[in-house]
There are 2 protein chains.
Amino acid sequence: MLCFDVYSLNLAFGRAYKPLLEPLGLTYPQYLVLLTLWAEDRQSVGRIGAALGLDSSTLTPLLKRLEAAGVLRRHRDDQDERRVLVSLTEAGRVLQQRAEAVPATMAEATGMTLAEMRQMHQALTRLRQALRDGGMGGAGGGDPCA
Amino acid sequence: MLCFDVYSLNLAFGRAYKPLLEPLGLTYPQYLVLLTLWAEDRQSVGRIGAALGLDSSTLTPLLKRLEAAGVLRRHRDDQDERRVLVSLTEAGRVLQQRAEAVPATMAEATGMTLAEMRQMHQALTRLRQALRDGGMGGAGGGDPCA
DNA sequence: CCAAGATAGATCGCGCGCGATGCAATCGCA
DNA sequence: TGCGATTGCATCGCGCGCGATCTATCTTGG
């Protein structure tokens, strides 16, 4: 039932984030996009999509909403007019300050130790790799999912 | 970054399931609903929602689509006319046969042993409980999520 | 230099996920 | 018994997530 565990846990994370992000006027995917921009400003749409595993068909409307909210700016790359670069505005950087407490608050909500979180992070990452690499990886047991 | 791990892994699961479920004409949430009905037929909308953590506003349209596809039937409960009971049709049970190989195929794709899957199942379930119970549970470490 | 192919985004349609709201049936309590 | 409160489901609007398709730009081979 791993698939359902992940499905349900993802919904639970979304609900846990909502009270923290709603005051900031952000949805959870929008917050993830901003996290990547706070880590590195002025990225192309494709680069953000590669970081989050999302398509331009998902990101373009999301980025337009964030632009309309005033937290970022979209502009064509002069070097390659196909690309669209995304840059934070001053409001976007202010938002970073206001969101500073979010990660620690969520960490608390998990009720896990740092060591547990690290271990789970590795396990989840390995599993994602296995699924992404077309399946059939390792030992493979019985019947985990239904 | 646990939040992102789960988010991204959930998307990865959805993509891994797609080639298995598309031939059956099912989406991943529809498959989850059918799993609960295959386990116990003739459940109310609310009961299915409780099992999956979903609201009637999500389930009602989904169930109507499955009904239109002919795999289940929705009808008022005679005992309590507020309730809507959901029952499998013969086509729904045939679909169960056709989906028989799905769990094992997904198990293989994870590349994990049965023991690993069991352990991760427990860890994910505990984490979901912690989030659902309003946070602040255990030791709580540093900064796992951004 | 120019046409064919590749690449980056944008657009569209559909199916969730969910908060807010509405409505009918049932329950509870005087 | 009657009437307000609760329950169970449906509806609506919005924001993803993604396959399919389109357009504009860049790249490459002749």
Side-chain angles (χ1 to χ4, degrees), chain A residues 3-4 6-19 21-34 43-69 74-86, chain B residues 4 6-19 21-34 43-69 74-86 132:
Chain A
C3 52
F4 174 69
V6 172
Y7 169 81
S8 189
L9 183 54
N10 183 51
L11 295 183
F13 259 121
R15 291 171 194 138
Y17 267 104
K18 182 155 301 180
L21 296 180
E22 207 156 48
L24 306 179
L26 295 176
T27 67
Y28 180 49
Q30 287 169 4
Y31 173 68
L32 291 177
V33 166
L34 286 180
Q43 295 188 55
S44 72
V45 172
R47 190 173 167 79
I48 298 173
L52 299 181
L54 294 175
D55 195 77
S56 79
S57 55
T58 298
L59 283 176
T60 297
L62 189 155
L63 291 170
K64 283 189 172 181
R65 279 187 286 270
L66 288 177
E67 186 178 36
R74 301 176 327 121
H75 46 93
R76 291 275 160 193
D77 186 344
D78 288 342
Q79 261 57 51
D80 185 342
E81 299 261 344
R82 289 173 305 180
R83 292 169 180 268
V84 168
L85 295 179
V86 181
Chain B
F4 174 68
V6 173
Y7 169 81
S8 189
L9 182 54
N10 183 50
L11 295 184
F13 259 120
R15 291 171 195 137
Y17 268 104
K18 182 156 301 181
L21 296 180
E22 207 156 49
L24 305 179
L26 295 176
T27 68
Y28 180 48
Q30 288 170 1
Y31 174 68
L32 292 178
V33 167
L34 286 181
Q43 295 188 56
S44 72
V45 172
R47 190 171 165 80
I48 298 172
L52 299 180
L54 295 174
D55 196 77
S56 78
S57 54
T58 297
L59 283 177
T60 296
L62 187 154
L63 291 170
K64 284 188 172 180
R65 278 186 287 270
L66 287 178
E67 187 177 34
R74 300 176 328 121
H75 46 93
R76 291 277 161 191
D77 186 344
D78 288 342
Q79 260 57 49
D80 185 342
E81 298 262 345
R82 290 172 304 181
R83 292 169 181 269
V84 168
L85 295 180
V86 182
R132 191 170 301 277

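Here is the naming used below: chain letters follow the sequence lines, and residue numbers restart at 1 for every chain. For clarity, every value in this text was computed on a predicted model and none was experimentally measured.
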* Which whole-number value in Å describes the distance from B:R15 CZ to C:dG15 P? -> 20 Å
Enumerate, atom names and distances included, each donor-acceptor pair closer than 3.5 Å involving a side-chain atom of residues 56-66 of chain A, sequence neighbours excluded.
{"unit_1": "A:S57", "atom_1": "OG", "unit_2": "A:D55", "atom_2": "OD2", "d": "2.8"}
{"unit_1": "A:T60", "atom_1": "OG1", "unit_2": "A:S56", "atom_2": "O", "d": "2.9"}

* Asked: Atom CG of A:N10 and atom P of D:dC16: how far apart are they, to the nearest Å?
  -> 14 Å
* **Straight-line distance of A:Y17 OH to A:L24 CG, nearest 0.5 Å** => 12.0 Å
* Reckon B:Y7 has a side-chain N or O less than 4.0 Å from the OP1 or OP2 of D:dG17? -> yes
* To do: Find the distance B:E22:CD to D:dC18:C1' and express it as a whole number of Å.
  => 11 Å
* Selection from C:dC18, C:dA10, C:dC16 that lies nearest to any side-chain heavy atom of B:L54 -> C:dC18
* Structure fact -> With sequence neighbours left out, the residues meeting side-chain contact (heavy atoms from CB on, under 4.5 Å) with A:K18 are A:E22
* To do: Respond yes when some side-chain nitrogen or oxygen of B:Q30 is under 4.0 Å from OP1 or OP2 of C:dC16, and no when none is.
  => yes
* Structure fact -> Among C:dA10, D:dG15, C:dG17, the one nearest any side-chain atom of B:T58 is C:dG17
* Structure fact -> Per atom distances to the B:R65 side chain, the nearest of D:dG15, C:dC16, C:dA10 is C:dC16
* Structure fact -> In whole angstroms, the gap separating C1' of D:dG15 from CG of A:L32 amounts to 14 Å
* To do: With sequence neighbours excluded, tell me which residues meet side-chain contact (heavy atoms from CB on, under 4.5 Å) with A:L11.
  => A:Y7, A:R15, B:L54
* Would you mind telling me which residue lines up with the more 5' stretch of DNA chain C, B:L62 or A:R83, judged by nearest nucleotide? => A:R83
* Specify the residue among B:R76 and A:G53 whose closest nucleotide of DNA chain D lies further upstream toward the 5′ end. => B:R76
* Separation of C:dC18 C1' from B:L59 CG (nearest whole Å) -> 12 Å
* **Of B:T27 and A:S44, the one whose closest DNA chain C nucleotide lies more 5'** => A:S44
* Minimum-distance pair of heavy atoms, taken over all atoms of A:P19 and A:P23 -> O-CD, 3.1 Å
* To do: For the pair A:R76 and A:L85, evaluate side chain to side chain contact (heavy atoms under 4.5 Å, CB included) and give the outcome as yes or no after the intermediate values.
  => CA-CA 6 Å; A:R76 291 275 160 193; A:L85 295 179; over 6 Å; no
* Asked: Tell me: CD of B:E67 to P of D:dA10, nearest whole Å?
  -> 10 Å
* Nearest-Å distance, CD1 (B:I48) to P (D:dG8)? -> 14 Å
* Taking all atoms of both residues into account, what is the closest heavy-atom pair of B:F4 and A:Y28, and its distance? -> N-OH, 3.8 Å
* Residues which pass side-chain contact (heavy atoms from CB on, under 4.5 Å) with B:R47, listed by chain and number, not counting sequence neighbours -> B:E40, B:Q43, B:S44
* Structure fact -> Among the nucleotides C:dA10, D:dA10, D:dC18, whichever has the atom closest to the side chain of B:T60 is D:dA10
Polar atoms only, N or O, under 3.5 Å: list the protein pairs with nucleotides 21-23 of chain C and their distances.
none

* Letter per nucleotide, 5' to 3', of nucleotides 20-28 of chain D [B base touched, S only sugar-phosphate touched, - untouched; heavy atoms, 4.0 Å] -> B----BS--
* Structure fact -> The nucleotide from C:dG17, D:dG17, D:dA10 with an atom nearest the side chain of A:L11 is C:dG17
* To do: Could you check how far CZ of A:R74 sits from C1' of C:dG9, rounded to whole Å?
  => 9 Å
* Hey, is the side chain of A:K64 poking within less than 4.0 Å of OP1 or OP2 on C:dT11, counting only N and O atoms? -> yes
